[in-house]
Amino acid sequence: QVQLVESGGGLVQPGGSLRLSCAASRSIFELNVMYWYRQAPGKQRELVASISSGGYRNYADSVKGRFAISRDNAKNTVSLHMNSLKPEDTAVYYCNTESSSGAYWGQGTQVTVSS
């Protein structure tokens, strides 16, 4: 069983930066892939970025060049560094992973990009 807790969201102006963190309740060494999703009101949840245990990264086209995902296994955390934020980045951001026992989601952290 894994519990995930996101933090780091907040209000930021367009062009600003935020760093989101996802803290896991136990070691993430054995968790192959960690994901960041986001969901805006009235819209479907979408995949933003992922990172494998081997460091392979993937990004949605909308955030390529602006966001960077990383993982720190020693601290049991996965981070999402967001730069050059746009109003369309406004959403609740969720951390996600899968294990043999199923999928796990955090409760989300709100990111609002507005002047």
Side-chain angles (χ1 to χ4, degrees):
Q1 303 296 316
V2 182
Q3 291 185 328
L4 305 173
V5 180
E6 302 93 340
S7 63
L11 175 64
V12 64
Q13 294 183 337
S17 300
L18 282 175
R19 180 181 63 83
L20 306 183
S21 294
C22 171
S25 60
R26 64 172 178 83
S27 174
I28 62 172
F29 278 100
E30 72 276 21
L31 301 176
N32 186 41
V33 184
M34 303 293 293
Y35 306 86
W36 280 100
Y37 285 80
R38 68 185 181 188
Q39 187 169 26
K43 298 190 67 176
Q44 186 177 12
R45 187 172 298 182
E46 64 177 347
L47 178 63
V48 176
S50 65
I51 184 169
S52 72
S53 59
Y56 183 84
R57 296 165 169 83
N58 196 19
Y59 299 94
D61 289 340
S62 59
V63 306
K64 285 182 178 178
R66 299 189 298 117
F67 290 11
I69 188 171
S70 63
R71 61 192 293 167
D72 187 338
N73 291 337
K75 296 182 178 180
N76 298 335
T77 59
V78 179
S79 297
L80 185 68
H81 299 260
M82 306 184 296
N83 299 306
S84 301
L85 284 162
K86 305 175 181 179
E88 52 263 43
D89 294 320
T90 296
V92 177
Y93 284 72
Y94 298 90
C95 183
N96 166 258
T97 191
E98 291 185 353
S99 70
S100 60
S101 60
Y104 298 90
W105 296 87
Q107 293 185 341
T109 185
Q110 176 71 49
V111 173
T112 302
V113 185
S114 179
S115 298

Taking the inter-plane angle between the rings of Y94 and W105 on a 0 to 90° scale, is it parallel (under 30°), tilted (30 to 60°) or perpendicular (over 60°)? perpendicular
Partner of R71 by side-chain contact (heavy atoms from CB on, under 4.5 Å), out of N76, V33, I51: I51
According to the salt bridge (Lys or Arg N to Asp or Glu O under 4.0 Å) rule, which pairs have a member within residues 85-98, sequence neighbours left out? R38-D89, R66-D89
Atom CG in L47, atom CG in N58: separation rounded to 0.5 Å? 7.0 Å
Sub-4.5 Å side-chain heavy-atom contact between S99 and Q1: no
Donor-acceptor under 3.5 Å (S52 side chain, R57 main chain): no
Over 12 foreign heavy atoms within 6.0 Å of CD, Q3: no
Got a sec: does the CD of Q110 have more than 12 other heavy atoms crowding it under 6.0 Å? yes
Grab the two heavy atoms, one from G106 and one from E6, that are nearest each other, plus how far apart they are. CA-OE2, 3.0 Å
Between S17 and N83, which heavy-atom pair has the shortest distance, and what is it? OG-OD1, 2.9 Å
Checking Q39 side chain against A91 main chain: does a donor-acceptor pair fall under 3.5 Å? no
What's the separation between atom CH2 in W36 and atom CG in L20, rounded to the nearest 0.5 Å? 5.0 Å
State, to 0.1 Å, how close T90 and V113 come at their nearest heavy-atom pair, and which atoms those are. OG1-N, 2.9 Å
Any N32 side-chain heavy atom under 4.5 Å of S53 side chain: yes
